[in-house]
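Okay, so here's the structure we're looking at.
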Amino acid sequence: MANPADTDRFEQQRQEKLSQIEAMGLDPYGARYEDVEPAALVKARYQDGDESQRARSAGRIVLLRDIGKLIFITLRDRTGTIQVGLSKGMLTDQWPLAKLLDIGDIIGAAGKLGKTKTGEITIWVEEGGLTFLSKCLFQPPEKFHGLADVDQRYRQRYVDLWANPEVLDRFQKRSEIVATIRRFLGSKGFVEVETPMMQAIAGGAAAKPFITHHNALDLDLYLRISPELFLKRLLVGGMERVFEINRNFRNEGLSRHHNPEFTMMELYQAYADYRVMMDITEEIVSACIETLGLSAKVQFGEAEIDFARPWRRAKYADLLKEYSGCNIDDIAAIRAKARVLQIDDAGMDDPVVVNEVFETTVEHKLIAPTFVIDYPAILCPLAKRSRTDPKYAERFELFVVGMELANAYTELNDPAVQYENFLHQLRGQDESLTKMDTDYVTALKYGMPPAGGLGIGIDRLVMVLTGATTIRDVILFPLLKPVAPENK
RNA sequence: GGGAGUGUAGCUCAGAAGGUAGAGCAACGCACUUUUAAUGCGUAGGUCCUGGGUUCGAAUCCCAGCACUCUCACCA
């Protein structure tokens with residue numbers, strides 16, 4: 001927006017056309033417009049040679065070719081585009097209105113459906129069939145290159161969506177992915193629930209929360225960092241299969257893989273364990289791939305991801321050995337490796353150093369979907385320990401293109417162990433966060449069925465399945481710094 | 001917070017070495033009844049991010065700032 005005066009120049013030209021439309025006795029912002037047929041359906045049902053066909057569509061003018069006494073318009077709606085033809089010969093009273101149309105305007109078009117001699121299916125508007133529905137007062141972005149300014153694309157997503165069709169397509173796919181997950185879980189008997197977004201204790205994960213305040217109760221509350229502890233209370237209550245798809249909020253940095261608010265699907269299934277969760281994860285992702293009509297091999301940037309089942313299941317310790325060369329029990333070697341990797345391990349507990357080395361040497365190497373299983377138990381205060389080797393917890397994280405996509409446990413349901421884990425977790429933490437969810441321990445004391453739990457990051461799943469390399473491309477309105485008033 | 005890059009017309013972008021700014025699209029005008037990013041001719045449109053500095057002269061070189069992008073760090 002370099003010069004406001006110039007913006008005004010273009011806007012005033014369009015404002016003038018708006019006035020002319022008003023002068024014709026028309027409302028430049030339209031009204032209810034019914035019996036609209038999506039562009040894609042119109043094109044699909046067209047029969048060659050049938051002269052009696054008619055059509056009625058509405059959408060935004062994205063291209064306009066004025067040949068004098070003939071105007072061709074490319075109209076875009078949510079399903080695609082269709083050509084609209086306006087001819088002086090067919091229109092009498094409405095021809096002046098046709099000549100006022102600008103790229104960006106929203107119109108309805110009704111008339112004969114036919115083909116031009118170049119083979120384009122076209123709605124030939126008849127007198128009275130042109131309906132002005134909304135004026136666009138701004139210059140649209142360049143018609144061929146679209147909107148490229150990254151900042152403006154996110155700030156003005158409403159322009160991005162119609163200037164760059166692949167953006168709309170990606171968000172439609174996101175909707176289909178979420179719908180597929182709901183359908184899949186519904187078919188398995190899972191019940192969808194909603195648990196608190198505002199929590200007095202931000203539990204279920206270890207991330208910095210956002211703080212808010214309830215005035216009437218004079219109560220500080222946290223935006224949730226995880227729904228986990230509430231969903232597991234529902235297991236206690238007898239909801240044996242529950243899930244929630246909703247936002248989590250974490251007050252941490254932004255990156256191409258992180259947005260402060262992100263969408264998580266969490267599910268809990270009584271009498272299952274983390275191995276069942278691995279199967280469900282594969283089934284959910286495979287169902288989404290099928291919905292989107294993808295093959296098992298999905299292109300992502302330079303990489304190709306092979307989702308053919310079964311996916312690799314590898315132990316944490318084995319992967320650590322494979323990629324860092326360190327034996328997980330050889331803490332001296334791991335600390336030496338950490339220093340080589342420029343990790344400052346001073347003051348870090350052994351398991352934390354191990355995990356640091358794991359994260360820097362292993363995670364980004366996991367391109368094909370890989371279940372990393374059996375984490376050091378100390379890192380997993382909400383997971384049940386392995387019966388065969390209690391140093392490890394029955395937990396997996398799923399990695400794809402180096403990105404954590406899912407996290408699952410065999411859920412810890414022993415209240416005494418849970419209490420101990422909470423105590424240990426709180427040690428040395430920030431004063432403001434040192435609150436234990438004792439009610440959760442109480443819930444466990446009533447008896448929680450053994451269960452498996454799974455969380456899938458929806459944004460990242462959409463990234464992987466739509467080839468988006470930054471999370472901002474799968475969130476309609478990602479967090480941005482507000483524009484300073486003087487830069488507006 | 002560190003590093004790198006970008007910032008030029010409404011949009012997409014050119015502007016080697018310092019000489020006062022260009023194209024395509026969009027807009028406006030004219031022509032055109034079968035176009036497909038329509039075409040042809042013409043017109044108009046700029047605080048070259050901001051502020052300093054060097055210079056006879058800065059979009060260009062230097063310094064500082066701002067915004068954005070990428071990247072590293074932080075991040076159970």
Side-chain angles (χ1 to χ4, degrees), chain A residues 1-14 16-17 62-74 81-91 95 102-104 114-122 124 136-156 159-160 163-164 203-208 225-226 228 250-258 260 342-344 348-349 351-352 354-356 358-360 375-376 378-383 393 395 397 404 407 421 424-425 429 433 469-470 472 480-484 486-488:
Chain A
M1 318 308 103
N3 191 339
D6 290 330
T7 308
D8 285 350
R9 191 183 83 236
F10 292 114
E11 192 177 342
Q12 277 167 15
Q13 285 171 358
R14 284 174 175 248
E16 172 58 28
K17 291 185 182 177
V62 292
L63 291 172
L64 188 149
R65 298 173 288 282
D66 185 342
I67 325 281
K69 298 191 178 67
L70 193 62
I71 300 170
F72 289 104
I73 282 169
T74 302
T81 60
I82 188 155
Q83 177 161 275
V84 171
L86 298 158
S87 123
K88 190 176 183 186
M90 291 177 69
L91 299 175
W95 182 245
D102 276 322
I103 295 181
K115 253 187 188 174
T116 63
K117 70 182 183 190
T118 51
E120 186 77 24
I121 296 169
T122 301
W124 287 105
C136 175
L137 289 172
F138 286 113
Q139 291 275 110
E142 213 260 3
K143 63 188 179 186
F144 188 61
H145 298 96
L147 186 61
D149 183 282
V150 180
D151 189 47
Q152 198 183 340
R153 284 188 46 222
Y154 297 135
R155 290 191 191 281
Q156 298 193 303
V159 178
D160 186 33
N164 298 322
K208 293 193 194 77
I225 56 176
S226 161
E228 175 157 355
R250 297 188 180 177
N251 204 341
E252 287 167 2
L254 290 80
S255 81
R256 64 158 66 191
H257 300 141
H258 298 86
Q342 311 215 327
I343 297 166
D344 180 13
M348 275 186 195
D349 291 341
V352 179
V354 172
N355 204 44
E356 288 285 328
F358 184 88
E359 286 179 2
T360 47
Y375 277 66
I378 194 74
L379 299 172
C380 318
L382 298 167
R395 171 188 191 177
E397 288 193 1
E404 181 193 339
N407 182 22
N421 288 356
H424 184 264
Q425 193 183 6
Q429 274 209 6
L433 300 177
T469 54
T470 166
R472 286 178 160 188
L480 301 169
K481 280 201 280 187
V483 182
E486 61 269 27
N487 294 332
K488 184 80 176 112

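We name chains A, B, ... by the order of the sequence lines, and we start the count at 1 in each one.
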If the condition is side-chain contact (heavy atoms from CB on, under 4.5 Å), which residues does [X] pass it with, not counting sequence neighbours?
X        : answer
A/Gln13  : A/Phe10
A/Pro140 : A/Arg14, A/Ile103, A/Trp162
A/Glu404 : A/Glu397, A/Phe399, A/Asn407, A/Arg460
A/Leu70  : A/Ile67, A/Phe72, A/Ser87, A/Trp124

Q | Partner nucleotide, any strand, of B/G10 [Watson-Crick/G-U, under 3.5 Å] | A |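 When the pairing criteria are applied, B/C25 turns out to be the nucleotide that pairs with B/G10.
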
Taking a pair as Watson-Crick or G-U wobble with both distances under 3.5 Å, which nucleotide is matched to B/U20?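 Paired with no nucleotide.
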
- Task: Can you sort out the partners of A/Arg153 under salt bridge (charged side-chain N to carboxylate O under 4.0 Å, His left out), two or more places apart, ordered by chain and number?
- Result: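 Expected list: A/Asp160, A/Asp473.
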
Subject >> Partner residues of A/Asp66 under the salt bridge (charged side-chain N to carboxylate O under 4.0 Å, His left out) criterion, sequence neighbours left out >> reply: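 Scan of A/Asp66 (salt bridge (charged side-chain N to carboxylate O under 4.0 Å, His left out), adjacent residues dropped) gives A/Lys99.
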
With sequence neighbours excluded, residues passing side chain to side chain donor-acceptor pair (under 3.5 Å) with A/Thr470: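 With neighbours one apart ignored, the set is empty.
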
Find every protein N or O atom lying less than 3.5 Å from an N or O atom of nucleotides 3-6 of chain B, and list the pairs.
none

Distance, [atom1] atom - from [M] to [N], rounded to whole angstrom:
N     : M     : atom1 : answer
B/A9  : B/C28 : C1'   : 15 Å
B/C25 : B/U69 : P     : 31 Å
B/A58 : B/U20 : P     : 11 Å

With B for base contact, S for sugar-phosphate-only contact and - for none (protein heavy atoms under 4.0 Å), nucleotides 37-42 of chain B reads BB----

**Check: A/Glu120 side chain, B/U35 base, donor-acceptor under 3.5 Å** =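 Not at all, since no donor on one side and acceptor on the other fall under 3.5 Å apart.
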
